[in-house]
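Working notes for the structure below.
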Amino acid sequence: MSIALDIIADPPLTPLEPDTPFLRVEDRNGVVHELAAVEGWRLMEILRDYGMGMENTCGGALACAECHVVLDAGSVARVPPPREDELEKLDELPMLYENSRLSCQIVWSDEMSGLSLKLAQET
């Protein structure tokens, strides 16, 4: 007996409702997505749940830096500054940018709506 398996593609992202807090993300292929964000979630969790390449992270333990993102210059002031332990982990990366952050260390608040970032290339 053989079983036929249907391959199901990821569903397309649906348009956001007006006034929905959102995050603008440029993926590693240069495609820009607007993602609904959830108050109190780490950016890494939001990106992971939308399939934006955060599947292999350490879960926020500052052990891997796989959740490296680059904030848009206009978004830097909208998030809390990095702590010393985040800066130390970022210093271990082979490619660092002026606005590099680890998305596991940024907890979303709705005041951040419209935040814009780019996923750093995989290390």
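With rounding to the nearest 0.5 angstrom, the CG atom of N99 is 11.0 Å from the CG atom of L117. Atom CG of L62 is separated from atom CZ of R83 by 6.5 Å, given to the nearest 0.5 angstrom. Here CH2 of W108 is found 15.5 Å from CZ of R42. Values are rounded to the nearest 0.5 Å.
Sorted by first and then second residue, the salt bridge (charged side-chain N to carboxylate O under 4.0 Å, His left out) pairs involving residues 20-33 (not counting sequence neighbours) are R24-E34, E26-K118. Sorted by first and then second residue, the salt bridge (charged side-chain N to carboxylate O under 4.0 Å, His left out) pairs with a member in residues 43-53 form an empty list; sequence neighbours excluded.
Cluster annotation: M112 and Y50 are assigned to the same hydrophobic cluster (Ile/Leu/Val/Met/Phe/Trp/Tyr, side-chain heavy-atom contacts under 4.5 Å, transitive).
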(Q) Using side-chain contact (heavy atoms from CB on, under 4.5 Å), reason through V79 and L43 one step at a time and then give a plain yes or no. (A) CA-CA 11 Å; V79 300; L43 290 184; 5.5 Å; no

Q | Stepwise side-chain contact (heavy atoms from CB on, under 4.5 Å) check, L23 with L47 | A | CA-CA 9 Å; L23 169 66; L47 295 168; 4.2 Å; yes

Q) Should E86 and K89 be marked as a salt bridge (charged side-chain N to carboxylate O under 4.0 Å, His left out) after you check the CA-CA gap, both sets of side-chain angles, and the distance that decides it? A) CA-CA 5 Å; E86 179 183 355; K89 183 52 73 175; over 6 Å; no

Q: Start with the C-alpha gap between M52 and L35, add the side-chain angles, then the distance that decides, and say whether side-chain contact (heavy atoms from CB on, under 4.5 Å) holds.
A: CA-CA 10 Å; M52 294 283 126; L35 312 178; 4.0 Å; yes

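Residues S113 and T20 come closest through the heavy atom pair OG-O, 4.1 Å. Closest heavy-atom contact between C104 and C67: N-SG, 3.4 Å.
Formation of a donor-acceptor pair under 3.5 Å by the S75 side chain with backbone atoms of S116 is found in this model. Distance alone, capped at 3.5 Å, places no donor-acceptor pair between the R101 side chain and the V76 backbone.
With sequence neighbours left out, the side chain to side chain donor-acceptor pair (under 3.5 Å) criterion links S100 to H68. Remark: E84 pairs with L87, E88 by the side chain to side chain contact (heavy atoms under 4.5 Å, CB included) rule, at least two apart or across chains. A search for side chain to side chain donor-acceptor pair (under 3.5 Å) contacts involving D72 returns nothing, not counting sequence neighbours. Evaluation of the side chain to side chain contact (heavy atoms under 4.5 Å, CB included) rule for V38 yields W41 as partners, not counting sequence neighbours.
For the pair M54 and L119, the minimum side-chain heavy-atom distance is below 4.5 Å.
Other residues, nucleotides and ligands contribute over 12 non-hydrogen atoms within 6.0 Å of the CG atom of D91.
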